[in-house]
A.B. asks: 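Just dropping this structure here.
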Protein chains: 2
Amino acid sequence: MSPPLQSEPQLPDDAGHRDGGMKRDGGKGAAVTMRDVAKVSGFSPATVSIVLNNAPLAQYIAPATKKKIEEAARKLGYRPNAMARFLRSKRTHSVGVMLIDITDPYCTPILRGIENSLYQASYAPILADAHNQKNRFERALEMLLERHVEALIVVANWTFVDIHVLADFNKRNIPVATIGWELPGDTTSSVMVDNEAGGRLAVEHLYKLGHRKIAFIRGPKMLIDSAPRWKGIQKFAHGAGYEIDQSLVVQLPDSLDPNSSFDGGFRLTEELLQKRKKFTALMAFDDLTALGAIRALTKAGIEVPGQCSVAGFDDVALSAMSAPSLTTVRQPLETMGNLAVNAVLEGINASQEKRDWTISHQKTSPELVIRESTRAVSLSTADD
Amino acid sequence: MSPPLQSEPQLPDDAGHRDGGMKRDGGKGAAVTMRDVAKVSGFSPATVSIVLNNAPLAQYIAPATKKKIEEAARKLGYRPNAMARFLRSKRTHSVGVMLIDITDPYCTPILRGIENSLYQASYAPILADAHNQKNRFERALEMLLERHVEALIVVANWTFVDIHVLADFNKRNIPVATIGWELPGDTTSSVMVDNEAGGRLAVEHLYKLGHRKIAFIRGPKMLIDSAPRWKGIQKFAHGAGYEIDQSLVVQLPDSLDPNSSFDGGFRLTEELLQKRKKFTALMAFDDLTALGAIRALTKAGIEVPGQCSVAGFDDVALSAMSAPSLTTVRQPLETMGNLAVNAVLEGINASQEKRDWTISHQKTSPELVIRESTRAVSLSTADD
DNA sequence: CGGGCCTCTTAAAACGATTCAATAGAATGT
DNA sequence: ACATTCTATTGAATCGTTTTAAGAGGCCCG
């Protein structure tokens, strides 16, 4: 297809010079190295390196030289060997991304945010999935340490109490950021949604729609998010002079399966219904819980939102597609991924330039997304 | 907490021997190297390497020696530097994982399958997300090449025609496997669901429920999956002597947004309804399309499955949670991830041992998952 | 004319592992 | 007693870069 390369002959003219033509490389994948570029261009490896990296010394290199070297590199299809580069420069340009459970739909947008920001900054993400298991978590961290990642991002909404391997990251001055949870102390940056504000947003919405008999499905104790969301609800109630009926408050059990809250929501709602205590709205811990609740309500012949409004939390992808579509509190997940990357990048740059920098604990603002599952309380149900 | 280490003194006794105590390492992250282990244990780096890797030569090493070295390594918290190791041994133990769009819910289980199999085999996944953009795809491949991944796995259900960067992988003998699509030629392994069988499965199910007026929403031309699914449908119809009513067949437009099929399903179903041509069942290209269709039907006052059955394809996470839950054809996504990893690992091992190995094109069996959205045709609607 | 200062280029020493060939001592066989 | 084979260990080369210090000219200035 393409015409034969002009200087094809000079390419392998002294191949095998290094080890007398031993049995290495079967002739196919002979990687072209910097020395090859040096040889072809007629300059030394040092010069090649300086030119190709546009190092400070490049200002002294004659333009003609640069051109020749760049051309040779291009012609040979030279690609620097990242490993060699890393070994010498101590920079791997990779970042560990640890998901505690990739199955959680909440992870996907975060992951996209992380990947995107890393890509922009020319870092490569090395992925690890802990499968909710502590030993996998630790083994994976170990692996990331061996690979000398320059930073670590951990995505989780719950986690093991003592992760002493994380201490190794601090010892080695590797910046760590967490998304969805916070580590006590000031060693680790974090990005979380403002759960308290989110809880408030949702209950306020229901309240303003006229609902006064609101059932609540609280999140499992294990999850970091549960407490602050509930706190936001309580604070709003207190401020509005609204008294929460404790008999309408239930709580999801602890569970490691991120999709279990659907079942949980379903069961708890059925239990609530059995109590025969009327409620005109239900606020669920998260979207899956809300979907489970809707399922239970529908099954019991209660129309959503006609007879009962339901609100969720998170705005995962399916919330917009469910029937009825779900009113929920959106977490800016992708943005949170970006922010975490920014935080660790700042850390990397700082220690590169021997600057000091400070750990950040960021809270992002949740946003109320009103869809079909909530509606102003109807007279017939309200006056029940 | 722990008692002072016995041999603490001998540890840094000759620190700085290498470069006369220059300004390097501020004292914090001093990485412990193999030489340190050698020094402390009293043996040479060579011996340490042999012992710690349990290399063939290790059979000649005295047990006492092994013990001392291992202990020293443990005490010092020695962690081999992966980059150095890679440089010498030419093995990075990493695999590139390229997603054409991570946002697609279909990717998540595949990703878990890939990650899991790689983890078992002690390979690290380097993640890349093409965002449906050709230039990102290529730049990411470039990056993976520089990092000398030992294999590449590409997840996509459509893709750009000419990816000449992939040729570089072949040139370098790096095994490539694709999930969800196939490359012509025998250079690349692939794993796909048997779409034809799946299409058949779904339509057969509807047929057996008594449906004879079935509407079809075909997939976009761009997607690899569309044609074979349709073929499976046609073949079944032909075999069963069932004639597809072409006026009930519509097709999704091409689109890059993986979530657009929900809207597509919604709109196309509305159009079908406007035609006022009766149908008792609808078979959608995938789950999101099906959900969109259900939405449109419900909106038009048509009950699902009471008045119209709907079947999807894929069994993404939300299918089980939607209302009504969706009858669909499940792709064994996680398994497909595993299979792709097996394929490339086989390639890696083969070229390691200078064996030949063959490209594989695997088709996994889809599985019909019957849920609430389909039902036997009712007399009232059938006799319309 | 010799020293100082540019400009352009390179030799050589890392980086931290792996691995081959070599060594030295002990045991064995003839 | 000497060659041979094991056992146990190591020196030194190597992987492909980056980077420092230095070298070779050329030019200017006093």
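Quick note on labels: first sequence line is chain A, next is B, and so on, each numbered from 1.
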A.B. asks: Check the distance between dT10(D)'s P and Lys39(B)'s NZ and give it to me in whole angstrom.
C.D. replies: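 These atoms are roughly 13 Å apart.
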
A.B. asks: Which pair of heavy atoms, one from Val344(B) and one from Ala177(B), lies closest together, and at what distance?
C.D. replies: CG1-CB, 3.5 Å

A.B. asks: Let me know the distance between CG of Leu52(A) and C1' of dG16(D), rounded to the nearest Å.
C.D. replies: 13 Å

A.B. asks: Rounded to whole Å, please give me the gap between CG in Asp36(B) and P in dC15(C).
C.D. replies: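 Rounding to the nearest Å, CG of Asp36(B) and P of dC15(C) are 11 Å apart.
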
A.B. asks: Separation of Tyr60(B) atom OH from dT10(D) atom P, in whole Å?
C.D. replies: 17 Å

A.B. asks: Below 4.0 angstrom from OP1 or OP2 of dA14(C), is there any side-chain N or O of Lys90(A)?
C.D. replies: no

A.B. asks: Could you pull out all residues at least two apart from His131(A) that satisfy ring pair (Phe, Tyr, Trp, His ring centres under 6.0 Å)?
C.D. replies: none

A.B. asks: On the 0 to 90° scale, with breaks at 30° and 60°, tag the Tyr123(B)-His93(B) ring pair as parallel, tilted or perpendicular.
C.D. replies: tilted

A.B. asks: Quick one, which residues of residues 62-70 of chain B touch DNA chain D with a heavy atom under 4.0 Å?
C.D. replies: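 Ala62(B), Thr65(B), in order of number.
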
A.B. asks: Summarise how protein sits on nucleotides 17-25 of chain C as a single string, 5' to 3': B when a protein heavy atom is under 4.0 Å from the base, S for sugar-phosphate-only contact, - for no contact.
C.D. replies: BBB------

A.B. asks: Which residues satisfy the side chain to side chain contact (heavy atoms under 4.5 Å, CB included) test with Tyr119(A), sequence neighbours excluded?
C.D. replies: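 Side chain to side chain contact (heavy atoms under 4.5 Å, CB included) check on Tyr119(A) returns Glu115(A), Arg136(B), Arg139(B).
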
A.B. asks: So which one's nearest nucleotide on DNA chain D is more toward 5', Leu87(B) or Ile61(B)?
C.D. replies: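 On the 5' side of the pair lies Ile61(B).
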
A.B. asks: Suppose we screen for ring pair (Phe, Tyr, Trp, His ring centres under 6.0 Å). Which residues come up paired with Phe86(B), at least two apart in sequence or across chains?
C.D. replies: none

A.B. asks: In whole angstrom, give the distance that lies between atom NE2 of His148(B) and atom P of dC15(D).
C.D. replies: 14 Å

A.B. asks: Would you call Lys171(B) and Asp168(B) a salt bridge, using N to O less than 4.0 angstrom?
C.D. replies: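 Result for this pair is yes, salt bridge flagged.
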
A.B. asks: Just to verify, what does Ser190(A) make a side-chain hydrogen bond (donor to acceptor under 3.5 Å, both in side chains) with, not counting sequence neighbours?
C.D. replies: His361(A)

A.B. asks: What's the shortest heavy-atom distance between Leu118(A) and Pro125(A), and which atoms?
C.D. replies: CD1-CB, 3.8 Å

A.B. asks: Mind calculating the distance between CD (Gln59(A)) and P (dC8(C)) to the nearest angstrom?
C.D. replies: 10 Å

A.B. asks: Roughly how far, to the nearest 0.5 Å, is the CE atom of Met34(B) from the OH atom of Tyr78(B)?
C.D. replies: 5.5 Å

A.B. asks: Rounded to whole Å, how long is the line connecting atom CZ of Phe43(A) with atom P of dT9(C)?
C.D. replies: 5 Å

